[in-house]
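A note on names: the letters A, B, ... follow the listed sequences, proteins ahead of strands, and every chain is numbered from 1. Fair warning: this is a prediction, and the values are worked out from it, not measured in the lab.
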4 protein chains.
Amino acid sequence: MNKRDLPDTANRPDDRNIPIDKVGVKDIRYPIRLLDRANGEQRTVGSFNMYVNLPHSFKGAHMSRFVEVLNDHRGAISVDSLFEMLRAMRERLEAESAHVEVEFPYFIEKEAPVSKARGLMENRCRIVGSLQGERQDMVIYVTTPISTLCPCSKEISDYGAHNQRGVATIGFRFRGMVWIEEIVDIAEQSASSAVYSLLKREDEKFVTEQAYANPVFVEDVVRNIAQRLDAHPDIVWYGIEAENFESIHNHNAYASLEKDKRDPEAGDWQENII
Amino acid sequence: MNKRDLPDTANRPDDRNIPIDKVGVKDIRYPIRLLDRANGEQRTVGSFNMYVNLPHSFKGAHMSRFVEVLNDHRGAISVDSLFEMLRAMRERLEAESAHVEVEFPYFIEKEAPVSKARGLMENRCRIVGSLQGERQDMVIYVTTPISTLCPCSKEISDYGAHNQRGVATIGFRFRGMVWIEEIVDIAEQSASSAVYSLLKREDEKFVTEQAYANPVFVEDVVRNIAQRLDAHPDIVWYGIEAENFESIHNHNAYASLEKDKRDPEAGDWQENII
Amino acid sequence: MNKRDLPDTANRPDDRNIPIDKVGVKDIRYPIRLLDRANGEQRTVGSFNMYVNLPHSFKGAHMSRFVEVLNDHRGAISVDSLFEMLRAMRERLEAESAHVEVEFPYFIEKEAPVSKARGLMENRCRIVGSLQGERQDMVIYVTTPISTLCPCSKEISDYGAHNQRGVATIGFRFRGMVWIEEIVDIAEQSASSAVYSLLKREDEKFVTEQAYANPVFVEDVVRNIAQRLDAHPDIVWYGIEAENFESIHNHNAYASLEKDKRDPEAGDWQENII
Amino acid sequence: MNKRDLPDTANRPDDRNIPIDKVGVKDIRYPIRLLDRANGEQRTVGSFNMYVNLPHSFKGAHMSRFVEVLNDHRGAISVDSLFEMLRAMRERLEAESAHVEVEFPYFIEKEAPVSKARGLMENRCRIVGSLQGERQDMVIYVTTPISTLCPCSKEISDYGAHNQRGVATIGFRFRGMVWIEEIVDIAEQSASSAVYSLLKREDEKFVTEQAYANPVFVEDVVRNIAQRLDAHPDIVWYGIEAENFESIHNHNAYASLEKDKRDPEAGDWQENII
């Protein structure tokens, strides 16, 4: 029995008259390659969700076609290639809209502040892209580990101040080119100190004193980031989250804010679509 | 040195002129008690996120007050008590808006279909409530494990059909009273078969044959649920997700849709706010 | 067709001649009740793994019987009831050995050090029990969140010192009665400071200064705990792990050690079996 | 102030007289390269734990040296390079024993059984290596997703049979060269069917019928694997776990067994050390 003879259940009409917003495959991991400011290319592992819409008149989507599209793109991830993947999904699945999410660890070589010893730091990234009719959209999220020292604890205590690891997640829409490395810099500059994989004793002294000199609440982290993103000419929308793994509590402190820099009245919204 | 003498850093003015959408505590676990259709009360463990907005003129929120509010409510979780908690958060934190999320396992005693043997099944619930000015909102999410058998595999194969565990998550806004148990029933009726903690051999025969007689794609699960929620008089908005842990793949099949049954033109939106 | 007529596949002989160490059910959640030093009883949610051995001559275990045993015990968790559960598993499954693991959050009401404000703190516990012939064994693991301040950072820095949240996990075998609360106390006394769910400003000053006055490496935490467990008359074996979520790194610092206080030469091993 | 002037707190003597089994860094991620049977080399991302012992007379370990060793090896992971890394850890940290664990996703290109369509499948691997005096040891764990169809359900039901995704984890000690790909093959041959990332309709028919023709309990999976590992000339010890994500339950079925094929009486143990 060959393929042509097999009934195609998914292709049948459906009379429930209910369109489906998203249908597809979730949690599929694939090796990926992407641009890296320092080395030209970085190889890492992505976890993908790939969806299209399903009109009310179709019973099901052909799920294997998502994996074929993923395969065809062989793991090259860039702004352009993601939109190509979205167009291929829409075409192969005969849909009006397509949506892709990919999450991956991204490594940046960092120099310790005094010893200049070098080590790789992991950041987490997530890219969410979609096509709907003529409209295309992409948001890139970068999660940067940071160090925060509590201003209140410093001020009220005779010595010391509680501090902790935290994470800052910056989501942004953009025009032009924005490097992941720029976003990581913005997050680190907005904290009490950056974190590192490799610190020698002289570096540990430096980051300890730097953090003590720059106390920030989780609220300050999101505001400091917002100021820097406001000043960035290529970022047109942003959403910021900061979370502190409080060293004095078993729960976390959290702050978030979101801003659209585009002016819809001026037709600015349209222009800035990627 | 007593409390009055300690400087209050968080209370200071802030001149960056950036309001914060959400600030608060995240991932704090607390024992909770809630209404249970069968037994009157159920005790379980909730994981809370509690946030308020922070106007641009304040430097920080007083994080300990969130935990005080949580403590004062002593774990009684109901629609009314969550709105009370939100009002208390808004007042204690001097904010305009308040937001709370609580996630917990919820147990329902279930009878096996033939043997009538009884066992407890775990469902996951999440309640998201918010207050903003006069507007209050609540969405309840219920995640139900289900069994799905693939219609395509059944039709094209000479014998057998691949099937798997899946989960259906139903989020809903409501008027009146809707039991978690009703939502679980709707999810189970929309699948190939329910899943159970305890099945004897005669039950296993029953659910195997029931699933084979009721093949559904993940797309069918969300549509079947949508039809039932359309018919439910007390549900005014819903969002549905279904995910199959495919037995023939190492990734999942996914579908989702969302619908607002309220008519904003008719002022219906206002009426239906809880 | 009734149960008696259904073939019992699992009960068939197996000729591969391979005994199985553990067979059973994994990741089944159930509400549990256990003894609580402050309030008499605590209700929480346990996640169970339940296994027996399978002799080489049998094809399979009757999995539903594990859930029946769990059901019969209705969530009462104590040293005695866990051994009853193990005996019931062994009998119902016709096995020689039985093994149960249950993990759960355990809540302790804690007073802030200065304000005496009260809040609940979550600790994670895990109990591993087994029966093998005449030999019975039980290990209780308690994971306590702690705060640690780095001695090196304090010594080399002109001001401040990096500190962070960490966790200490203490596993122990015992004779007599040992409260979870005692183990939590030991972990907290071995750290730079305890952590709390609720701290007012005067408490924050206290714990900041307390941590600064008591710097500990992760190595010190496990050694301090070991000294206290050595002195505990009812603890006969222990395994200790400590992990710091370093505030200056994106990885954790870790230390572990294990000690058997029993003297096998003196037949001490036998005596101390619970 | 340069490095020489900074006090070295970790290097101080300790008088508690308590040796520590393992001290080091945990959960540090790094890009890695390893041998791949099909393509020569595979790039992926590893998560490392690196520990040494700490004699009772030292206060602490120099944690930054672990990261330096990791850096020096630049992510090349092989049996030889892991033992080099262990020797470097032992030397740099002045320890008697060293221990490393690395976990990573490993991708294998697989052909669908009928259409021959190709897609990448993710397996999870973990390598645990240690050096203690002259003794060196390595265990490789490979986790393979599989499909299992219940023999009992098939036998008692008039049509259909419940089946599900599962995972088989094979840990092994070896002499000579054993490919990850060989271990994956053994796991897949011991299940009802392999799982795939990409299956066309004709393949779905094939795997559905193949699984129906090869029903296995979780007990059968571990025994089938054990028989194949018994026959493998280069595997000298194994530990096997299988877990089914039951499609009719919300919990998993589990089986495990372990076997040492070496004969300690014959001095065989010594010989087989890698």
Side-chain angles (χ1 to χ4, degrees), chain A residues 1 6-10 12 14 16-29 48-51 54 56 58-61 63 66-67 150-156 215 217-220 222-224 226-227 230 239 241 243-246 249-259, chain B residues 1 5-10 12 14 16-29 48-51 54 56 58-61 63 66-67 150-156 215 217-220 222-224 226-227 230 239 241 243 245-246 249-259:
Chain A
M1 189 173 192
L6 290 173
D8 184 351
T9 318
R12 299 243 168 93
D14 195 278
R16 277 166 297 194
N17 199 31
I18 301 174
I20 295 181
D21 299 340
K22 286 180 189 160
V23 53
V25 296
K26 192 162 180 280
D27 286 339
I28 177 162
R29 262 161 298 283
F48 288 82
N49 300 337
M50 302 169 76
Y51 310 129
L54 186 71
H56 69 84
F58 290 108
K59 183 163 172 62
M63 299 289 195
F66 292 100
V67 184
C150 178
C152 171
S153 170
K154 177 181 173 177
E155 184 160 350
I156 63 180
F217 286 125
V218 75
E219 294 93 327
D220 294 313
V222 294
R223 280 172 167 156
N224 290 344
Q227 286 188 314
D230 278 338
E241 287 187 305
E243 188 169 353
N244 279 354
F245 310 128
E246 298 286 294
H249 294 304
N250 195 22
H251 57 259
N252 303 337
Y254 175 90
S256 69
L257 62 84
E258 193 181 310
K259 184 171 171 185
Chain B
M1 189 171 191
D5 305 317
L6 291 174
D8 183 351
T9 318
R12 299 241 167 95
D14 195 278
R16 276 166 298 194
N17 199 29
I18 301 173
I20 296 180
D21 299 339
K22 286 180 189 161
V23 53
V25 296
K26 191 159 180 283
D27 286 339
I28 176 162
R29 264 159 298 283
F48 288 82
N49 300 336
M50 302 169 75
Y51 310 128
L54 185 73
H56 69 85
F58 290 108
K59 182 163 173 62
M63 298 291 195
F66 291 101
V67 185
C150 178
C152 171
S153 170
K154 176 180 172 177
E155 186 160 349
I156 62 180
F217 287 124
V218 74
E219 294 93 327
D220 294 313
V222 295
R223 280 171 167 157
N224 290 344
Q227 286 188 313
D230 278 338
E241 288 187 305
E243 188 169 353
F245 310 128
E246 298 286 293
H249 294 303
N250 196 23
H251 57 259
N252 303 336
Y254 174 90
S256 69
L257 62 85
E258 194 182 310
K259 184 173 172 185

So what's closer than 4.5 Å to chain A heavy atoms on Asn17(B): side chain, backbone, both or neither? neither
Most heavy-atom pairs under 4.5 Å with chain A, out of Glu243(B), Arg16(B), Lys59(B), belong to Arg16(B)
With a 4.5 angstrom heavy-atom cut-off, is it the side chain or the backbone of Val218(A) that approaches chain B, or both, or neither? side chain
Leu257(A) to Pro19(B) - nearest heavy-atom pair and separation: CD2-O, 3.6 Å
Test salt bridge (Lys or Arg N to Asp or Glu O under 4.0 Å) applied to Glu258(B) - qualifying residues, sequence neighbours left out: none
What one should report as the nearest heavy-atom pair of Ile20(B) and Ala255(A) is CG2-CB, 4.2 Å
Among Arg29(B), Glu246(B), Gln227(B), His56(B), who wins on heavy-atom pairs under 4.5 Å with chain A? Gln227(B)
Kindly give the heavy-atom pair with the smallest separation between Ala226(A) and Ile18(B), and that separation in Å. CB-CD1, 3.9 Å
Supply the atom-to-atom distance Asn250(A) CG to Ile28(B) CD1, rounded to the nearest 0.5 angstrom. 8.5 Å
Pick one of side chain, backbone, both or neither for Asp14(A), based on which atoms fall under 4.5 Å of a heavy atom in chain B. side chain
When you look at Glu219(A) and Lys22(B), which way does the salt bridge (Lys or Arg N to Asp or Glu O under 4.0 Å) test go after all the steps? CA-CA 9 Å; Glu219(A) 294 93 327; Lys22(B) 286 180 189 161; over 6 Å; no
Glu155(B) vs Arg12(A), side-chain contact (heavy atoms from CB on, under 4.5 Å): CA-CA, chis, key distance, verdict: CA-CA 13 Å; Glu155(B) 186 160 349; Arg12(A) 299 243 168 93; 2.6 Å; yes
Quick check on Asp27(A) against chain B: is it the side chain, the backbone, both or neither that has a heavy atom closer than 4.5 Å? both
All side chain to side chain contact (heavy atoms under 4.5 Å, CB included) counterparts of Asp230(A), not counting sequence neighbours: Tyr238(A), Lys259(A), Lys261(A)
At a 4.5 Å cut-off on heavy atoms, which part of Pro215(B) comes close to chain A: side chain, backbone, both, or neither? neither
Partner chain A: residue of Ala253(B), Ala61(B), Ala10(B), Gly24(B) with the largest heavy-atom pair count (under 4.5 Å): Gly24(B)
Structural part of Lys154(B) lying under 4.5 Å from a heavy atom of chain A: neither
Compare all side-chain heavy atoms of Val23(A) with those of Phe217(B) and state whether any distance is below 4.5 angstrom. no
Would you check, one step at a time, whether the test salt bridge (Lys or Arg N to Asp or Glu O under 4.0 Å) holds for Glu241(B) with Lys26(A)? CA-CA 12 Å; Glu241(B) 288 187 305; Lys26(A) 192 162 180 280; over 6 Å; no
Under a 4.5 Å cutoff for heavy-atom pairs, which residue among Leu54(B), Asn49(B), Asp220(B) has the most contacts with chain A? Asp220(B)
Side chain from CB out, backbone as N, CA, C, O: work out which of these in Asn224(A) comes under 4.5 Å of a heavy atom of chain B, or both, or neither. both
For each of Val25(A), Asp8(A), Asp21(A), tally heavy-atom pairs with chain B at distances under 4.5 Å, and name the one with the top tally. Asp21(A)
Whatever's closer than 4.5 Å to a heavy atom in chain B on Tyr254(A) counts as both
What verdict does the side-chain contact (heavy atoms from CB on, under 4.5 Å) test give for Val67(A) and His249(B), after you've listed the backbone C-alpha separation in whole Å, the side-chain angles of each residue and the deciding distance to 0.1 Å? CA-CA 11 Å; Val67(A) 184; His249(B) 294 303; over 6 Å; no
Can you measure from CE (Met63(A)) to SG (Cys150(B)) and round to the nearest 0.5 angstrom? 9.5 Å
Check each atom of Phe58(A) against the heavy atoms of chain B and say whether the ones under 4.5 Å are side chain, backbone, both or neither. backbone
Give me the atom names and distance for the closest heavy-atom approach of Pro7(A) to Ile156(B). O-CG2, 3.5 Å
